[in-house]
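Residues take their numbers from the sequence shown, with the count starting at 1.
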Amino acid sequence: MDITAIKGAIFDLDGTLLDSAYVWSEVDRVFLGRRGLALPDDYCKSICTMNLEQAAVYTKERFKLSDSCDDIIEEWKSSALHEYRDNVQPFEGAEKLLRLLKSLGIKTALATASDRVFYEPALRRTGLYDLLDFFSQTSEVGRGKGFPDIYLHAASGLGLEAKDCAVFEDIPEGIRGAKAGGFFCVGALCGAVAEDRGEMIALADICFEHYDELVCKFIGGNYGKTTD
């Protein structure tokens with residue numbers, strides 16, 4: 001598929017639309033530090049496809065914590081909400097692409113493992129909320145981003161089939177899940193961690209470093225051209 005032929009675009013949130021990956025790594029570091037624990041190298045990657053409920057169960061079991069899962073979630077929410085509400089910013093060019101897609105009649109959706117309590121204030125503050133037509137989160141479908149469920153749910157919400165949609169993701173697990181559902185996959189290297197980049201390039205149909213690369217594909221110009 002040529003990406004310019006899509007009817008729908010489904011975006012991950014953290015590390016794809018929003019430059020927000022730092023929020024959760026800091027939340028995890030502080031959360032474990034309060035309990036005298038160091039942040040393991042593999043922890044963030046282990047939970048990156050999970051929703052809050054799944055991550056709380058995993059964390060409680062892995063570290064043998066006495067905290068209830070509800071208390072773990074509330075502590076995470078309290079720590080992260082300020083950043084999403086007041087500080088997190090979109091990647092440069094993300095708004096431009098969303099506005100362009102809207103002008104072309106291409107429907108857009110969010111597919112995230114995050115919770116509305118975080119993404120809605122961040123997207124409203126940055127002006128992206130009204131540029132998205134449908135919102136979906138993994139807690140609504142039961143399985144994480146290693147599976148196609150969340151992307152199929154988003155496509156259904158747009159009234160489209162997988163074959164007509166592109167999924168934009170910054171982690172290999174998300175790309176695998178979307179590919180399993182029959183989606184065209186776009187790797188967001190702008191938010192990917194260094195160790196994932198090679199795998200993402202191998203898995204995705206196309207990848208981009210900067211949103212202007214995608215803007216140029218849709219307007220048929222050379223890299224660097226803008227829609228101003």
Under 3.5 Å, sequence neighbours excluded: what are the donor-acceptor pairs made by side chains of residues 52-63?
{"from": "Q54", "atom 1": "OE1", "to": "N51", "atom 2": "N", "distance (Å)": "3.0"}
{"from": "Q54", "atom 1": "NE2", "to": "G142", "atom 2": "O", "distance (Å)": "3.0"}
{"from": "Y58", "atom 1": "OH", "to": "R62", "atom 2": "NH1", "distance (Å)": "2.9"}
{"from": "T59", "atom 1": "OG1", "to": "Y43", "atom 2": "OH", "distance (Å)": "2.5"}
{"from": "T59", "atom 1": "OG1", "to": "A55", "atom 2": "O", "distance (Å)": "2.7"}
{"from": "K60", "atom 1": "NZ", "to": "L65", "atom 2": "O", "distance (Å)": "3.0"}
{"from": "K60", "atom 1": "NZ", "to": "D67", "atom 2": "O", "distance (Å)": "2.7"}
{"from": "R62", "atom 1": "NH1", "to": "D42", "atom 2": "OD1", "distance (Å)": "3.4"}
{"from": "R62", "atom 1": "NH2", "to": "D42", "atom 2": "OD1", "distance (Å)": "2.8"}

For residues 27-34, run the donor-acceptor check on the side chains, cut-off 3.5 Å, and write out each pair with its distance to 0.1 Å, sequence neighbours left out.
{"from": "R29", "atom 1": "NE", "to": "E26", "atom 2": "OE1", "distance (Å)": "3.0"}
{"from": "R29", "atom 1": "NH2", "to": "E26", "atom 2": "OE2", "distance (Å)": "2.6"}
{"from": "R34", "atom 1": "NH1", "to": "E75", "atom 2": "OE2", "distance (Å)": "2.7"}

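Residues that satisfy the salt bridge (charged side-chain N to carboxylate O under 4.0 Å, His left out) test with D196, not counting sequence neighbours, are K45. In this structure E140 satisfies the salt bridge (charged side-chain N to carboxylate O under 4.0 Å, His left out) test with no other residue, sequence neighbours excluded. Residues that satisfy the ring-ring contact (aromatic ring centres under 6.0 Å, His included) test with F147, not counting sequence neighbours, are absent from this structure. Under the side-chain hydrogen bond (donor to acceptor under 3.5 Å, both in side chains) criterion, S25 pairs with no residue at all, not counting sequence neighbours. Partners of D149 by side-chain hydrogen bond (donor to acceptor under 3.5 Å, both in side chains), not counting sequence neighbours, listed by chain and number: R143. Listed by chain and residue number, nothing satisfies the ring-ring contact (aromatic ring centres under 6.0 Å, His included) test with F91 (two or more places apart in sequence, or in another chain). With sequence neighbours left out, the side-chain contact (heavy atoms from CB on, under 4.5 Å) criterion links A122 to L18, Y84, R125.
In terms of heavy-atom proximity, L158 sits nearest to I10 at CD1-CG1, 4.4 Å.
Looking at heavy atoms from C-beta onward, F118 lies out of side-chain contact with L13 at the 4.5 angstrom threshold. With contacts defined as side-chain heavy-atom distances shorter than 4.5 Å, the pair V88/D19 does not qualify.
Under 3.5 Å, the side chains of T4 and D2 contain a donor-acceptor pair of N or O atoms.
Note on residues 158-198: pairs passing ring-ring contact (aromatic ring centres under 6.0 Å, His included), not counting sequence neighbours, are F11-F168. Sorted by first and then second residue, the salt bridge (charged side-chain N to carboxylate O under 4.0 Å, His left out) pairs with a member in residues 79-91 form an empty list; sequence neighbours excluded. Applying the salt bridge (charged side-chain N to carboxylate O under 4.0 Å, His left out) test to pairs two or more places apart or on separate chains, those with a residue in residues 150-170 are K145-E169.
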